[in-house]
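Worksheet: the structure to be examined is printed underneath.
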Amino acid sequence: MILAATTPFDPAPLWLSVRLAAVTTSILLLLGVPLAALIARGRFRGRAVLATFVSLPLVLPPSVLGFYLLVAFSPSRPFGALIERVFDCRLAFSFTGLVIGSVLYSLPFMVHPIQAGLEALPPSLAEASYTLGKGRFTTLLRVLLPNIRPSLLTGIVLSFAHTLGEFGVVLMIGGNIPGVTRVAALAIYDEVETMHYAAAHTYAAILFGVSFCILLAVHMINGRFLKESVR
């Protein structure tokens, strides 16, 4: 492998990746908790269909999801035209479009850990809260969620880390516009394409280090939670 001449390192794609991951994770936390509670404890028709849609990004090729979202976001299509007319916002090749695509693609990484945590709790915990006159929302917020802190933390961290390294969906929806949609994963691809391997190494090493540190922190914090729970 021949290393080409070095180019000035541009940190903008890294910051854009962090911003995208932070916004996506915040939205996923708001969506993921009620969705996980619905799947874990709901008894209704269509529960299996809902669970399947949530899990679909785990097996669906990113380019497939990205392609259909790109078609839907197009201003020449009804959905894209409606969003542009009502909110004066174009979704295709924009940061907003990237956020929507990332939320859909990372949804199982938030929902599954929380769902597993809720399913592991004994039903008597919620029943005791209902007996004391607490509603479902209060029970979820003040009784169930505090008892699944490791699951919540795992969902938040996995969603953040997964979005940070996203490539296929981002490329399909956002293209590769510097300062707008060119995230770190796309920057690595660009630098390799132009044989600027030193810059690609820098982006890749930073993403590797950040991902490793995030997962290590999760393991250490969850280990502390487990020790506290068995005391």
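In this text, all values refer to a predicted model and were calculated from it rather than measured experimentally. All residue numbers refer to positions in the sequence shown, counting from 1.
Within 6.0 Å of atom CZ in F67, 12 or fewer heavy atoms from other residues, nucleotides or ligands are found, so the atom counts as exposed in its surroundings. Atom CZ of F137 sits in a sparse spot, with 12 or fewer heavy atoms from other residues, nucleotides or ligands closer than 6.0 Å. Applying the 6.0 Å contact sphere to CZ of R43 captures more than 12 heavy atoms from other residues, nucleotides or ligands.
Between H162 and Y105, the ring-plane angle classifies as tilted under the 30° and 60° cut-offs.
Nearest heavy-atom pair, P108 versus P113, reported as atom, atom and distance to 0.1 Å: O-CD, 3.9 Å. Here the closest heavy-atom approach between residue A40 and residue R47 is recorded as O-NH2, 4.0 Å. Of all heavy-atom pairs spanning G165 and A185, the tightest one is O-CB, 4.1 Å. Closest approach of L207 and A184 over heavy atoms only: CD1-CB, 3.9 Å. Closest non-hydrogen pair, M110 versus G32, comes out as CG-CA, 4.1 Å.
With hydrogens and angles ignored, the 3.5 Å screen pairs no side-chain donor or acceptor of S129 with any backbone N or O of L125. For S94 (side chain) and R90 (main-chain N/O), a donor-acceptor pair under 3.5 Å exists by modelled atom type.
A distance of 5.0 Å separates CD1 in I114 from CG in L152, rounded to the nearest 0.5 Å. Here OH of Y189 is found 11.0 Å from OG1 of T194. Values are rounded to the nearest 0.5 Å. Atom NE2 of H219 sits about 8.5 Å away from atom OG1 of T154, to the nearest 0.5 Å. L35 contributes atom CG, which lies 11.5 Å from atom CG of L30 (distance to the nearest 0.5 angstrom). Note that CG of L121 and OG of S151 are 8.0 Å apart. Values are rounded to the nearest 0.5 Å. Taken from NE2 in H201 to CD1 in I206, the straight-line distance is 13.0 Å, to the nearest 0.5 Å.
L70 and V99 end up in different hydrophobic clusters when Ile, Leu, Val, Met, Phe, Trp and Tyr side chains are linked at under 4.5 Å. Hydrophobic cluster membership is shared by L28 and V33, with clusters built from Ile, Leu, Val, Met, Phe, Trp and Tyr side chains linked at under 4.5 angstrom. Cluster membership for I214 and W15, using ILVMFWY side-chain heavy atoms within less than 4.5 angstrom, is not shared. The cluster map of Ile, Leu, Val, Met, Phe, Trp and Tyr, joined by side-chain heavy atoms under 4.5 Å apart, puts L16 and F93 in different clusters. The hydrophobic clustering, which links ILVMFWY residues whose side-chain heavy atoms are closer than 4.5 Å, places Y68 and I173 together.
Side-chain contact annotation: S74 with S76, donor-acceptor N/O pair under 3.5 Å present. With hydrogens and angles left out, the side-chain atoms of T24 and T163 include no donor and acceptor closer than 3.5 Å.
The shortest side-chain heavy-atom distance between L144 and R41 falls under the 4.5 Å cut-off. Side-chain contact between L58 and H112: present, with at least one pair of heavy atoms (C-beta onward) separated by less than 4.5 Å. Using a 4.5 Å cut-off on side-chain heavy atoms (C-beta onward), R77 and V71 make contact. With a 4.5 Å cut-off on side-chain heavy atoms, Y203 and D10 count as touching.
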For V169 and L98, what are the C-alpha separation, side-chain angles and deciding distance, and is it a side chain to side chain contact (heavy atoms under 4.5 Å, CB included)? CA-CA 8 Å; V169 173; L98 289 191; over 6 Å; no
For D190 and H196: C-alpha separation, side-chain torsions, deciding distance, then whether side chain to side chain contact (heavy atoms under 4.5 Å, CB included) applies. CA-CA 8 Å; D190 274 351; H196 295 148; over 6 Å; no
In sequence, state the C-alpha distance, the side-chain angles, and the governing distance for T181 and F95, and then conclude on side chain to side chain contact (heavy atoms under 4.5 Å, CB included). CA-CA 6 Å; T181 62; F95 183 78; 5.6 Å; no
Does the pair F160 and I156 meet the rule for a side chain to side chain contact (heavy atoms under 4.5 Å, CB included), with working shown? CA-CA 6 Å; F160 187 90; I156 291 170; 5.5 Å; no
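For the pair R182 and E191, the salt-bridge criterion is met [side-chain N within less than 4.0 Å of a carboxylate O].
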